[in-house]
Amino acid sequence: MEEIGFFERYGLTRVINVSGTMTALGASLVVPEAIRAGAEMQSHFVRIDELQAKASGVIARMTGAEAGFVAACSAAGMSQSIAGCMTGTNLNRIERLPDTDGLCNEVIVQAGHLINYGAPVGQSIRLTGARVVPLGTAALVNFYNLEDSINEQTVAALYVVSHHVVQEGQIPLEDFISVCKERRVPVVVDMASEYDLRGPVELGADVVIYSSHKFLGGPTGGIVAGRRELVRAAYLQNKGICRSMKVGKEGIAGTIAALDAWEKRDHASAYDREQAHVNYWLNVLRDVEGVRLDIHQDWTGNPIARLKVSVDPEKCGLFAWELADRLSGGEPSIQVRDDLIEHGYFFLDPCNLLPGEEVVVGQRIVDELTLARARGDGRRYSLSARRRRSLASLLRWPDLP
Ligand SMILES: *Cc1c(COP(=O)(O)O)cnc(C)c1O
(Lines give C-alpha, C1' and ligand atoms only; values in the text may rest on other atoms or scores of the structure.)
Protein backbone atom coordinates (compact mmCIF):
# COMPACT_ATOMS: atom_id res chain seq x y z
CA MET A 1 0.00 0.00 0.00
CA GLU A 2 1.25 3.42 -0.85
CA GLU A 3 1.96 5.60 2.13
CA ILE A 4 0.00 8.85 2.31
CA GLY A 5 2.32 11.83 2.48
CA PHE A 6 2.39 14.22 5.41
CA PHE A 7 0.84 17.06 3.40
CA GLU A 8 -2.19 14.95 2.47
CA ARG A 9 -2.58 13.41 5.91
CA TYR A 10 -2.77 16.81 7.58
CA GLY A 11 -4.39 18.72 4.74
CA LEU A 12 -1.58 21.26 4.48
CA THR A 13 -1.71 23.92 1.78
CA ARG A 14 0.93 23.47 -0.91
CA VAL A 15 3.15 26.51 -1.23
CA ILE A 16 5.24 27.73 -4.14
CA ASN A 17 7.90 30.01 -2.71
CA VAL A 18 8.95 32.85 -5.01
CA SER A 19 9.83 35.10 -2.10
CA GLY A 20 13.31 33.86 -1.19
CA THR A 21 14.37 32.35 2.12
CA MET A 22 11.57 33.18 4.52
CA THR A 23 11.36 31.66 7.98
CA ALA A 24 7.58 31.91 7.87
CA LEU A 25 7.54 29.53 4.87
CA GLY A 26 10.14 27.07 6.12
CA ALA A 27 13.24 28.99 4.97
CA SER A 28 14.61 27.03 2.02
CA LEU A 29 14.86 23.73 0.18
CA VAL A 30 17.33 21.63 2.16
CA VAL A 31 20.08 20.08 0.04
CA PRO A 32 20.08 16.25 -0.13
CA GLU A 33 23.49 16.02 1.57
CA ALA A 34 22.16 17.84 4.63
CA ILE A 35 18.96 15.75 4.72
CA ARG A 36 21.01 12.54 4.65
CA ALA A 37 23.44 13.70 7.33
CA GLY A 38 20.63 14.82 9.63
CA ALA A 39 18.70 11.61 9.10
CA GLU A 40 21.75 9.45 9.79
CA MET A 41 22.45 11.33 12.99
CA GLN A 42 18.89 10.88 14.27
CA SER A 43 19.34 7.18 14.99
CA HIS A 44 22.72 7.48 16.71
CA PHE A 45 24.28 8.97 19.79
CA VAL A 46 27.22 11.26 19.46
CA ARG A 47 29.34 13.36 21.78
CA ILE A 48 27.93 16.79 21.04
CA ASP A 49 31.15 18.60 22.02
CA GLU A 50 33.02 16.39 19.57
CA LEU A 51 30.45 16.96 16.81
CA GLN A 52 30.63 20.73 17.42
CA ALA A 53 34.45 20.57 17.33
CA LYS A 54 34.15 18.96 13.87
CA ALA A 55 31.75 21.75 12.92
CA SER A 56 34.38 24.22 14.13
CA GLY A 57 36.92 22.77 11.70
CA VAL A 58 34.56 22.98 8.72
CA ILE A 59 33.37 26.49 9.62
CA ALA A 60 36.99 27.62 10.01
CA ARG A 61 37.86 26.20 6.59
CA MET A 62 34.89 27.84 4.90
CA THR A 63 35.06 31.27 6.55
CA GLY A 64 38.75 31.72 7.24
CA ALA A 65 37.94 32.20 10.94
CA GLU A 66 39.85 30.48 13.75
CA ALA A 67 36.88 28.50 15.06
CA GLY A 68 33.12 28.17 14.99
CA PHE A 69 30.06 26.25 16.12
CA VAL A 70 26.47 25.64 15.12
CA ALA A 71 23.76 27.53 17.00
CA ALA A 72 19.97 27.20 16.86
CA CYS A 73 19.73 30.04 14.32
CA SER A 74 21.34 33.40 13.61
CA ALA A 75 19.25 35.20 16.23
CA ALA A 76 20.48 32.68 18.81
CA GLY A 77 24.03 33.04 17.49
CA MET A 78 23.83 36.79 18.12
CA SER A 79 22.66 36.32 21.69
CA GLN A 80 25.36 33.72 22.28
CA SER A 81 28.08 35.94 20.86
CA ILE A 82 27.04 39.05 22.79
CA ALA A 83 26.75 36.98 25.97
CA GLY A 84 30.21 35.55 25.30
CA CYS A 85 31.64 39.06 24.97
CA MET A 86 30.25 39.88 28.43
CA THR A 87 31.19 36.72 30.33
CA GLY A 88 34.27 35.37 28.60
CA THR A 89 34.69 31.73 29.66
CA ASN A 90 33.78 32.44 33.30
CA LEU A 91 31.13 29.79 34.01
CA ASN A 92 29.85 31.54 37.10
CA ARG A 93 29.14 34.65 35.06
CA ILE A 94 27.58 32.50 32.35
CA GLU A 95 25.13 31.03 34.87
CA ARG A 96 24.40 34.48 36.27
CA LEU A 97 23.17 36.03 33.00
CA PRO A 98 20.93 37.91 32.23
CA ASP A 99 22.02 39.50 35.50
CA THR A 100 24.93 41.68 34.36
CA ASP A 101 25.75 43.41 37.68
CA GLY A 102 29.45 44.20 37.69
CA LEU A 103 29.91 43.35 33.99
CA CYS A 104 30.43 45.70 31.08
CA ASN A 105 27.14 45.44 29.22
CA GLU A 106 26.77 48.11 26.54
CA VAL A 107 26.46 47.01 22.92
CA ILE A 108 26.74 49.66 20.23
CA VAL A 109 24.72 49.36 17.00
CA GLN A 110 24.11 51.89 14.23
CA ALA A 111 20.50 53.11 14.48
CA GLY A 112 19.84 52.10 10.87
CA HIS A 113 20.82 48.52 11.73
CA LEU A 114 18.16 48.09 14.40
CA ILE A 115 15.89 46.21 12.03
CA ASN A 116 13.25 43.56 12.37
CA TYR A 117 14.11 40.27 10.67
CA GLY A 118 11.01 38.60 12.13
CA ALA A 119 11.92 39.88 15.59
CA PRO A 120 13.87 42.99 16.57
CA VAL A 121 17.68 42.81 16.36
CA GLY A 122 17.91 44.72 19.62
CA GLN A 123 15.98 42.04 21.44
CA SER A 124 18.55 39.37 20.62
CA ILE A 125 21.03 41.64 22.43
CA ARG A 126 18.78 42.57 25.35
CA LEU A 127 17.89 38.92 26.00
CA THR A 128 21.38 38.45 27.38
CA GLY A 129 21.03 41.31 29.84
CA ALA A 130 23.09 43.65 27.67
CA ARG A 131 21.98 47.20 26.87
CA VAL A 132 21.58 48.44 23.30
CA VAL A 133 23.27 51.77 22.59
CA PRO A 134 22.08 53.08 19.20
CA LEU A 135 24.55 55.16 17.19
CA GLY A 136 23.39 58.25 15.31
CA THR A 137 20.04 58.42 13.55
CA ALA A 138 18.28 56.03 11.18
CA ALA A 139 19.80 57.28 7.93
CA LEU A 140 22.90 59.09 9.20
CA VAL A 141 25.65 57.81 11.44
CA ASN A 142 28.79 59.90 11.72
CA PHE A 143 32.21 58.74 12.87
CA TYR A 144 31.86 60.86 16.01
CA ASN A 145 28.64 58.97 16.86
CA LEU A 146 30.69 55.78 16.90
CA GLU A 147 33.83 57.12 18.52
CA ASP A 148 32.06 59.05 21.25
CA SER A 149 29.73 56.18 22.19
CA ILE A 150 32.55 53.82 23.07
CA ASN A 151 33.33 53.96 26.78
CA GLU A 152 34.51 51.61 29.56
CA GLN A 153 31.07 49.97 29.65
CA THR A 154 31.16 49.04 25.95
CA VAL A 155 31.45 45.29 25.62
CA ALA A 156 30.71 44.68 21.92
CA ALA A 157 29.60 46.26 18.66
CA LEU A 158 27.01 44.67 16.40
CA TYR A 159 27.02 45.26 12.64
CA VAL A 160 24.21 44.02 10.40
CA VAL A 161 24.71 43.35 6.68
CA SER A 162 21.31 42.98 5.06
CA HIS A 163 18.89 44.44 2.55
CA HIS A 164 16.74 45.26 5.60
CA VAL A 165 19.15 47.85 7.01
CA VAL A 166 19.18 51.46 5.93
CA GLN A 167 21.62 51.50 3.02
CA GLU A 168 22.48 55.21 3.16
CA GLY A 169 24.51 57.17 5.66
CA GLN A 170 25.93 54.16 7.51
CA ILE A 171 29.58 53.60 8.41
CA PRO A 172 31.05 50.94 6.10
CA LEU A 173 32.03 47.67 7.77
CA GLU A 174 35.73 48.20 7.10
CA ASP A 175 35.80 51.57 8.89
CA PHE A 176 33.51 50.35 11.65
CA ILE A 177 35.90 47.48 12.36
CA SER A 178 38.96 49.68 12.28
CA VAL A 179 37.54 52.19 14.81
CA CYS A 180 36.37 49.35 17.09
CA LYS A 181 39.70 47.53 16.82
CA GLU A 182 41.58 50.65 17.86
CA ARG A 183 39.35 50.88 20.92
CA ARG A 184 39.48 47.10 21.60
CA VAL A 185 35.77 46.56 21.13
CA PRO A 186 34.91 43.19 19.54
CA VAL A 187 32.74 43.42 16.43
CA VAL A 188 29.98 40.86 15.85
CA VAL A 189 28.66 40.84 12.26
CA ASP A 190 25.20 39.54 11.39
CA MET A 191 25.57 38.10 7.86
CA ALA A 192 22.54 35.81 8.28
CA SER A 193 21.47 35.94 4.70
CA GLU A 194 24.70 36.91 2.87
CA TYR A 195 26.59 34.62 0.49
CA ASP A 196 30.03 36.05 1.27
CA LEU A 197 31.47 33.56 3.77
CA ARG A 198 34.98 35.02 3.94
CA GLY A 199 34.75 38.79 3.53
CA PRO A 200 34.02 39.95 7.10
CA VAL A 201 36.70 37.71 8.63
CA GLU A 202 39.18 39.08 6.12
CA LEU A 203 38.21 42.59 7.19
CA GLY A 204 38.98 41.66 10.79
CA ALA A 205 35.52 40.98 12.25
CA ASP A 206 35.74 39.14 15.58
CA VAL A 207 32.58 37.05 15.16
CA VAL A 208 30.48 36.50 12.04
CA ILE A 209 27.06 34.85 11.95
CA TYR A 210 25.20 33.06 9.13
CA SER A 211 21.94 31.13 8.93
CA SER A 212 22.23 27.47 7.88
CA HIS A 213 18.71 27.46 6.53
CA LYS A 214 19.02 30.32 4.06
CA PHE A 215 21.21 30.31 0.93
CA LEU A 216 23.26 27.34 2.23
CA GLY A 217 20.22 25.05 2.09
CA GLY A 218 20.93 23.56 5.48
CA PRO A 219 18.54 22.59 8.28
CA THR A 220 17.40 25.29 10.71
CA GLY A 221 20.57 26.50 12.38
CA GLY A 222 23.04 29.32 12.80
CA ILE A 223 26.75 29.40 12.08
CA VAL A 224 28.98 31.32 14.47
CA ALA A 225 32.53 31.88 13.21
CA GLY A 226 35.30 33.94 14.72
CA ARG A 227 38.22 34.32 17.03
CA ARG A 228 38.87 31.16 19.02
CA GLU A 229 38.56 32.67 22.51
CA LEU A 230 35.33 34.50 21.70
CA VAL A 231 33.80 31.53 19.90
CA ARG A 232 34.56 29.38 22.92
CA ALA A 233 32.94 31.94 25.25
CA ALA A 234 29.89 32.07 22.98
CA TYR A 235 29.69 28.26 22.80
CA LEU A 236 29.76 27.96 26.59
CA GLN A 237 26.50 29.92 26.78
CA ASN A 238 24.86 26.56 26.09
CA LYS A 239 25.44 26.02 29.82
CA GLY A 240 23.52 29.21 30.53
CA ILE A 241 20.89 31.35 28.84
CA CYS A 242 21.31 29.62 25.49
CA ARG A 243 20.09 26.26 26.79
CA SER A 244 16.71 27.50 25.60
CA MET A 245 18.17 28.01 22.11
CA LYS A 246 19.36 24.48 21.67
CA VAL A 247 20.39 23.03 18.33
CA GLY A 248 20.14 19.24 18.06
CA LYS A 249 22.57 16.69 16.65
CA GLU A 250 20.62 16.64 13.35
CA GLY A 251 20.97 20.40 12.98
CA ILE A 252 24.71 20.32 13.64
CA ALA A 253 25.36 17.40 11.29
CA GLY A 254 23.06 18.87 8.63
CA THR A 255 24.83 22.22 8.79
CA ILE A 256 28.25 20.61 8.42
CA ALA A 257 26.98 18.69 5.38
CA ALA A 258 25.39 21.82 3.89
CA LEU A 259 28.70 23.70 4.20
CA ASP A 260 30.56 20.83 2.54
CA ALA A 261 27.97 20.77 -0.25
CA TRP A 262 28.22 24.54 -0.71
CA GLU A 263 31.97 24.20 -1.22
CA LYS A 264 31.44 21.61 -3.96
CA ARG A 265 28.40 23.16 -5.65
CA ASP A 266 28.65 24.43 -9.20
CA HIS A 267 27.53 27.96 -8.37
CA ALA A 268 27.66 29.19 -11.96
CA SER A 269 25.14 26.61 -13.18
CA ALA A 270 22.92 27.18 -10.15
CA TYR A 271 22.86 30.89 -11.07
CA ASP A 272 22.10 30.08 -14.72
CA ARG A 273 19.22 27.82 -13.66
CA GLU A 274 17.75 30.61 -11.56
CA GLN A 275 18.17 33.14 -14.34
CA ALA A 276 16.35 30.85 -16.74
CA HIS A 277 13.27 31.17 -14.47
CA VAL A 278 13.54 34.95 -14.52
CA ASN A 279 13.85 34.96 -18.31
CA TYR A 280 10.85 32.66 -18.56
CA TRP A 281 8.72 35.11 -16.53
CA LEU A 282 9.99 38.02 -18.57
CA ASN A 283 8.70 36.30 -21.69
CA VAL A 284 5.36 35.22 -20.29
CA LEU A 285 4.53 38.60 -18.74
CA ARG A 286 6.12 40.80 -21.40
CA ASP A 287 2.89 41.78 -23.16
CA VAL A 288 0.59 42.01 -20.17
CA GLU A 289 -0.91 45.49 -20.06
CA GLY A 290 -0.24 47.55 -16.95
CA VAL A 291 2.62 45.39 -15.75
CA ARG A 292 6.16 46.65 -15.84
CA LEU A 293 9.09 44.26 -15.55
CA ASP A 294 12.63 45.00 -14.45
CA ILE A 295 15.51 42.78 -13.50
CA HIS A 296 16.69 43.72 -10.07
CA GLN A 297 20.11 42.81 -8.69
CA ASP A 298 20.25 41.93 -5.02
CA TRP A 299 20.61 44.93 -2.69
CA THR A 300 23.73 43.74 -0.88
CA GLY A 301 25.47 42.19 -3.87
CA ASN A 302 24.45 38.57 -3.40
CA PRO A 303 24.42 36.79 -6.77
CA ILE A 304 20.63 36.86 -7.14
CA ALA A 305 18.72 38.65 -9.87
CA ARG A 306 15.01 38.88 -9.14
CA LEU A 307 12.17 39.95 -11.38
CA LYS A 308 10.57 43.17 -10.18
CA VAL A 309 6.89 43.26 -11.14
CA SER A 310 5.28 46.71 -10.93
CA VAL A 311 1.51 46.80 -11.08
CA ASP A 312 -0.26 49.88 -12.46
CA PRO A 313 -3.53 49.90 -10.49
CA GLU A 314 -5.34 52.00 -13.12
CA LYS A 315 -4.50 49.71 -16.01
CA CYS A 316 -4.64 46.41 -14.13
CA GLY A 317 -7.67 47.28 -12.06
CA LEU A 318 -6.09 46.14 -8.82
CA PHE A 319 -3.31 47.08 -6.42
CA ALA A 320 -0.04 45.16 -6.30
CA TRP A 321 -0.92 43.85 -2.82
CA GLU A 322 -4.29 42.62 -4.04
CA LEU A 323 -2.55 40.62 -6.74
CA ALA A 324 -0.10 39.25 -4.16
CA ASP A 325 -3.00 38.25 -1.89
CA ARG A 326 -4.88 36.54 -4.72
CA LEU A 327 -1.76 34.57 -5.64
CA SER A 328 -1.26 33.64 -2.01
CA GLY A 329 -4.92 32.69 -1.50
CA GLY A 330 -5.03 30.11 -4.29
CA GLU A 331 -4.07 26.45 -4.32
CA PRO A 332 -1.16 26.04 -4.56
CA SER A 333 -0.46 29.20 -2.64
CA ILE A 334 2.08 31.37 -4.46
CA GLN A 335 4.11 33.54 -2.14
CA VAL A 336 5.79 36.49 -3.84
CA ARG A 337 8.38 38.73 -2.19
CA ASP A 338 6.21 41.59 -0.97
CA ASP A 339 8.21 43.45 1.65
CA LEU A 340 8.41 46.58 -0.56
CA ILE A 341 4.89 46.32 -1.92
CA GLU A 342 3.90 49.77 -0.62
CA HIS A 343 5.75 51.09 -3.67
CA GLY A 344 3.42 49.19 -5.98
CA TYR A 345 5.71 46.32 -6.87
CA PHE A 346 6.73 42.87 -5.73
CA PHE A 347 9.58 40.56 -6.66
CA LEU A 348 9.74 37.03 -8.00
CA ASP A 349 12.74 35.31 -6.42
CA PRO A 350 14.00 32.29 -8.37
CA CYS A 351 16.11 30.68 -5.60
CA ASN A 352 13.71 28.19 -4.07
CA LEU A 353 11.76 26.74 -6.98
CA LEU A 354 11.18 23.11 -7.84
CA PRO A 355 11.29 22.24 -11.56
CA GLY A 356 8.10 23.34 -13.31
CA GLU A 357 6.94 25.72 -10.60
CA GLU A 358 8.04 28.73 -12.65
CA VAL A 359 5.38 27.79 -15.22
CA VAL A 360 2.64 27.68 -12.57
CA VAL A 361 3.72 31.08 -11.24
CA GLY A 362 3.73 32.74 -14.68
CA GLN A 363 0.36 31.30 -15.62
CA ARG A 364 -1.29 32.24 -12.33
CA ILE A 365 -0.17 35.86 -12.60
CA VAL A 366 -1.61 36.08 -16.12
CA ASP A 367 -4.85 34.38 -15.00
CA GLU A 368 -5.35 36.57 -11.92
CA LEU A 369 -4.84 39.73 -13.96
CA THR A 370 -7.25 38.56 -16.65
CA LEU A 371 -9.86 37.70 -14.02
CA ALA A 372 -9.47 41.00 -12.19
CA ARG A 373 -9.93 42.92 -15.44
CA ALA A 374 -12.99 40.89 -16.41
CA ARG A 375 -14.64 41.17 -13.01
CA GLY A 376 -13.57 44.69 -12.12
CA ASP A 377 -13.31 43.57 -8.50
CA GLY A 378 -9.98 45.16 -7.61
CA ARG A 379 -8.87 48.34 -5.86
CA ARG A 380 -11.02 47.44 -2.90
CA TYR A 381 -8.64 47.74 0.04
CA SER A 382 -5.71 49.91 1.01
CA LEU A 383 -2.31 48.71 2.15
CA SER A 384 -3.12 49.81 5.71
CA ALA A 385 -6.29 47.74 5.68
CA ARG A 386 -4.23 44.79 4.52
CA ARG A 387 -1.69 45.25 7.30
CA ARG A 388 -4.40 45.52 9.94
CA ARG A 389 -6.09 42.41 8.64
CA SER A 390 -2.87 40.48 8.70
CA LEU A 391 -2.20 41.51 12.32
CA ALA A 392 -5.73 40.59 13.34
CA SER A 393 -5.29 37.22 11.71
CA LEU A 394 -2.03 36.65 13.58
CA LEU A 395 -3.79 37.33 16.87
CA ARG A 396 -6.40 34.69 16.10
CA TRP A 397 -3.90 31.85 15.75
CA PRO A 398 -4.44 28.82 15.86
CA ASP A 399 -7.67 29.76 14.15
CA LEU A 400 -6.73 30.11 10.50
CA PRO A 401 -8.08 32.77 8.12
C1 LIG B 1 17.19 35.98 8.66
C2 LIG B 1 17.95 37.00 9.38
C3 LIG B 1 18.17 36.89 10.75
C4 LIG B 1 17.55 35.79 11.56
O5 LIG B 1 18.11 34.58 11.21
P6 LIG B 1 17.59 33.24 11.87
O7 LIG B 1 18.67 32.26 11.53
O8 LIG B 1 16.31 32.90 11.23
O9 LIG B 1 17.47 33.48 13.34
C10 LIG B 1 18.95 37.83 11.37
N11 LIG B 1 19.49 38.85 10.68
C12 LIG B 1 19.29 39.00 9.38
C13 LIG B 1 19.94 40.15 8.67
C14 LIG B 1 18.52 38.07 8.66
O15 LIG B 1 18.34 38.21 7.35
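On a predicted model such as this, the values are computed, not experimentally measured, just so you know. Read the numbers this way: they start at 1 and go in the same order the structure lists the ligands and their atoms. No hydrogens, no waters, no symmetry mates; every other heavy atom, side chains included, goes into these values.
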Chemist: Check this for me, if you would: do E8 and R14 make a salt bridge, where the nitrogen-to-carboxylate-oxygen distance has to be below 4.0 angstrom?
Modeler: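 Yes, E8 and R14 are salt-bridged.
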Chemist: Relative to the ring of Y10, is the ring of F6 parallel (under 30°), tilted (30 to 60°) or perpendicular (over 60°)?
Modeler: tilted
Chemist: Answer yes if the side chains of Y381 and D325 hold a donor-acceptor pair under 3.5 Å, and no otherwise.
Modeler: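 Looking only at side-chain atoms, D325 and Y381 do form a donor-acceptor pair, the distance falling under 3.5 Å.
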Chemist: Quick one, M78 with I125, criterion side chain to side chain contact (heavy atoms under 4.5 Å, CB included). Give me CA distance, side-chain angles, the key distance, then yes/no.
Modeler: CA-CA 7 Å; M78 271 187 270; I125 298 171; 6.0 Å; no
Chemist: Run the salt-bridge test on R364 and E368 with the 4.0 Å N-O cut-off and return the result as yes or no.
Modeler: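 A salt bridge links R364 with E368.
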Chemist: Using a cut-off of under 3.5 Å, which N/O atoms of ligand 1 pair up with protein N/O atoms, and what distance separates each pair?
Modeler:
| from | atom 1 | to | atom 2 | distance (Å) |
| --- | --- | --- | --- | --- |
| ligand 1 | 5 (O) | S211 | OG | 3.4 |
| ligand 1 | 7 (O) | S74 | N | 2.7 |
| ligand 1 | 7 (O) | S211 | OG | 2.7 |
| ligand 1 | 7 (O) | H213 | NE2 | 3.1 |
| ligand 1 | 8 (O) | H213 | NE2 | 3.1 |
| ligand 1 | 9 (O) | S74 | N | 3.3 |
| ligand 1 | 9 (O) | A75 | N | 3.0 |
| ligand 1 | 11 (N) | D190 | OD1 | 3.3 |
| ligand 1 | 11 (N) | D190 | OD2 | 2.6 |
| ligand 1 | 15 (O) | K214 | NZ | 2.9 |

Chemist: Output yes when R61 and D260 qualify as a salt bridge under the 4.0 Å nitrogen-oxygen rule, no when they do not.
Modeler: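 Yes.
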